[in-house]
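Just so we're on the same page: letters track the sequence lines, and every chain starts at 1.
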Amino acid sequence: MNKTERAVAVTRALCAEYPDRRPLLTYSSPFELTIAVILSAQTTDAQVNRVTPELFARYPRPSDLAVAAPPDVEAIVHSTGFYRTKARNIIAAARAIVDRFGGGVPRAMEDLVTIPGMGRKSANVIRGVVYGEPSVVVDTHLTRVTNRLGFVSGKNPVAIEHALRAIVPSEMQTDFSMGVNLHGRACCTARNPACDRCVLRSLCPWPGAQPDGSSSE
DNA sequence: ATCCCGAGGG
DNA sequence: CCCTCTGGAT
């Protein structure tokens with residue numbers, strides 16, 4: 001099996017293993033999703049979902065959030081962590097959407113990345129979820145899991161994204177990313193990975209996954 | 001007590 | 001490249 005065949009098999013196995021995975025969050029507009037993605041850094045979806053109803057009730061449109069008072073926004077997003085940074089970022093993001101992108105969320109990576117609080121990872125989520133484009137979302141989980149699977153080596157996010165775009169068929173890239181992310185949390189953890197009950201075991205060259213099971217990174 | 005589903009800045 | 005920003009999860 002070459003890498004592409006293995007990636008296809010991995011994607012299928014992970015889709016079966018995590019059938020209830022969802023493209024994250026159910027927000028009605030690109031604006032809301034953009035703000036939710038910015039808030040998602042270093043927190044759980046549950047925390048984000050807890051604060052967004054109030055946030056969007058009070059600031060329904062980008063032009064509303066753009067002129068919000070930072071302390072008010074801080075109070076709402078408090079439980080998501082990094083709350084001062086995030087409050088400042090989402091207000092500035094709303095302003096950028098209004099001032100520079102005509103009130104809409106841009107599609108191009110180089111534009112998305114200029115929005116405050118939007119790094120490459122979040123931008124790829126937007127491109128996948130809002131615009132339905134093949135999306136390789138590189139985060140710490142995907143980096144670790146794809147290294148172990150032998151699809152990539154190293155931690156450079158841009159290099160990983162490009163390598164995976166060449167390996168994973170484009171129509172599978174979004175499922176691949178979501179599945180790998182979930183698997184990195186649930187099974188292929190940084191410490192004490194559960195190779196003994198891993199559905200990818202037969203597809204994985206990493207030592208811990210082998211029958212003789214030598215461990216460590 | 002320790003780790004962490006990122007991003008920005010020095 | 002390394003540090004910081006925070007609260008929640010484990």
Side-chain angles (χ1 to χ4, degrees), chain A residues 14-15 17-18 20-27 32-52 54-55 65 70-97 100 105-106 109-130 135-149 152-161 164 173-194 197 216-217:
Chain A
L14 293 179
C15 283
E17 179 77 354
Y18 309 105
D20 57 337
R21 77 198 178 293
R22 251 160 291 136
L24 116 88
L25 321 159
T26 51
Y27 293 100
E32 291 188 359
L33 181 68
T34 300
I35 299 306
V37 167
I38 293 174
L39 293 177
S40 293
Q42 289 293 114
T43 341
T44 59
D45 289 354
Q47 294 305 316
V48 176
N49 286 326
R50 188 172 301 166
V51 304
T52 45
E54 185 184 353
L55 184 68
L65 185 56
D72 295 342
V73 177
E74 287 175 12
I76 296 173
V77 304
H78 187 272
S79 67
T80 65
F82 305 120
Y83 67 98
R84 265 167 268 160
T85 303
K86 285 177 179 175
R88 180 171 14 95
N89 280 343
I90 64 177
I91 293 169
R95 193 169 343 199
I97 287 171
R100 307 207 322 264
V105 179
M109 174 67 69
E110 59 263 36
D111 288 333
L112 286 168
V113 165
T114 67
I115 294 176
M118 268 267 153
R120 197 178 178 88
K121 187 265 182 183
S122 299
N124 268 130
V125 172
I126 297 297
R127 286 168 62 75
V129 177
V130 175
S135 177
V136 174
V137 179
V138 180
D139 63 11
T140 55
H141 289 318
L142 182 137
T143 299
R144 175 180 68 257
V145 175
T146 55
N147 266 275
R148 288 174 177 170
L149 282 166
V152 300
S153 60
K155 295 167 301 184
N156 184 309
V158 179
I160 291 173
E161 184 184 331
L164 290 176
Q173 286 172 6
T174 301
D175 276 340
F176 177 87
S177 296
M178 287 192 295
V180 166
N181 271 269
L182 290 169
H183 196 59
R185 258 182 284 183
C187 179
C188 195
T189 49
R191 277 161 280 285
N192 303 112
R197 59 170 177 80
S216 71
E217 302 271 323

Just to be sure I understand the rule, does [X] reach a base, reach only the sugar-phosphate, or reach nothing, if contact means heavy atoms closer than 4.0 Å?
{"X": "A/T43", "result": "base"}
{"X": "A/Y83", "result": "sugar-phosphate"}
{"X": "A/Q42", "result": "base"}
{"X": "A/N181", "result": "nothing"}
{"X": "A/S79", "result": "sugar-phosphate"}

Taking only side-chain N and O atoms of [X], does any of them lie within less than 4.0 angstrom of OP1 or OP2 on [N]?
{"X": "A/Q47", "N": "C/dT6", "answer": "no"}
{"X": "A/S122", "N": "B/dA7", "answer": "yes"}
{"X": "A/R120", "N": "B/dG6", "answer": "no"}

[X] (side chain) donor-acceptor with [Y] (main chain) under 3.5 angstrom:
{"X": "A/K86", "Y": "A/T80", "value": "yes"}
{"X": "A/R185", "Y": "A/H141", "value": "no"}
{"X": "A/T43", "Y": "A/A41", "value": "yes"}

Measure from [atom1] on [X] to [atom2] on [N] and round the result to the nearest Å.
{"X": "A/I35", "N": "B/dA7", "atom1": "CD1", "atom2": "P", "value": "14 Å"}
{"X": "A/I38", "N": "B/dG8", "atom1": "CD1", "atom2": "C1'", "value": "13 Å"}
{"X": "A/L39", "N": "B/dC5", "atom1": "CG", "atom2": "P", "value": "18 Å"}
{"X": "A/D45", "N": "C/dG7", "atom1": "CG", "atom2": "C1'", "value": "15 Å"}
{"X": "A/L142", "N": "B/dC4", "atom1": "CG", "atom2": "C1'", "value": "16 Å"}
{"X": "A/L112", "N": "B/dA7", "atom1": "CG", "atom2": "C1'", "value": "15 Å"}
{"X": "A/R50", "N": "C/dG7", "atom1": "CZ", "atom2": "C1'", "value": "11 Å"}
{"X": "A/N192", "N": "C/dA9", "atom1": "CG", "atom2": "P", "value": "21 Å"}

Which nucleotide wins on minimum distance to the side chain of [X], given the candidates [options]?
{"X": "A/A190", "options": "B/dC4, C/dA9, C/dT6", "result": "B/dC4"}
{"X": "A/H141", "options": "C/dC5, B/dC4, B/dC5", "result": "B/dC5"}
{"X": "A/R84", "options": "B/dA7, B/dC5, C/dT6", "result": "C/dT6"}
{"X": "A/A41", "options": "B/dC4, B/dC5, B/dG6", "result": "B/dG6"}
{"X": "A/R191", "options": "B/dC4, B/dC5, C/dC5", "result": "B/dC4"}
{"X": "A/H78", "options": "C/dG7, B/dC5, C/dC5", "result": "C/dG7"}
{"X": "A/T140", "options": "C/dG7, C/dG8, B/dC4", "result": "B/dC4"}

Roughly how many Å apart are [M] and [N], using the [atom1] atom of each and rounding to a whole number?
{"N": "C/dG8", "M": "B/dG8", "atom1": "P", "answer": "23 Å"}
{"N": "C/dT6", "M": "B/dA1", "atom1": "P", "answer": "22 Å"}
{"N": "B/dC3", "M": "C/dC3", "atom1": "P", "answer": "15 Å"}

Spatial distance of atom [atom1] ([X]) from atom [atom2] ([Y]) [nearest 0.5 Å]:
{"X": "A/C188", "Y": "A/R148", "atom1": "SG", "atom2": "CZ", "result": "4.5 Å"}
{"X": "A/T140", "Y": "A/Q42", "atom1": "OG1", "atom2": "CD", "result": "7.5 Å"}
{"X": "A/L39", "Y": "A/R50", "atom1": "CG", "atom2": "CZ", "result": "13.5 Å"}

Smallest heavy-atom separation, A/S177 atom then A/V136 atom, equals OG-CA, 3.3 Å
For A/G117 and A/A46, take the nucleotide of DNA chain B holding the closest heavy atom to each; which residue's nucleotide lies nearer the 5' end? A/A46
In terms of the nearest nucleotide of DNA chain B, which residue is placed more toward the 5' end: A/N89 or A/R185? A/R185
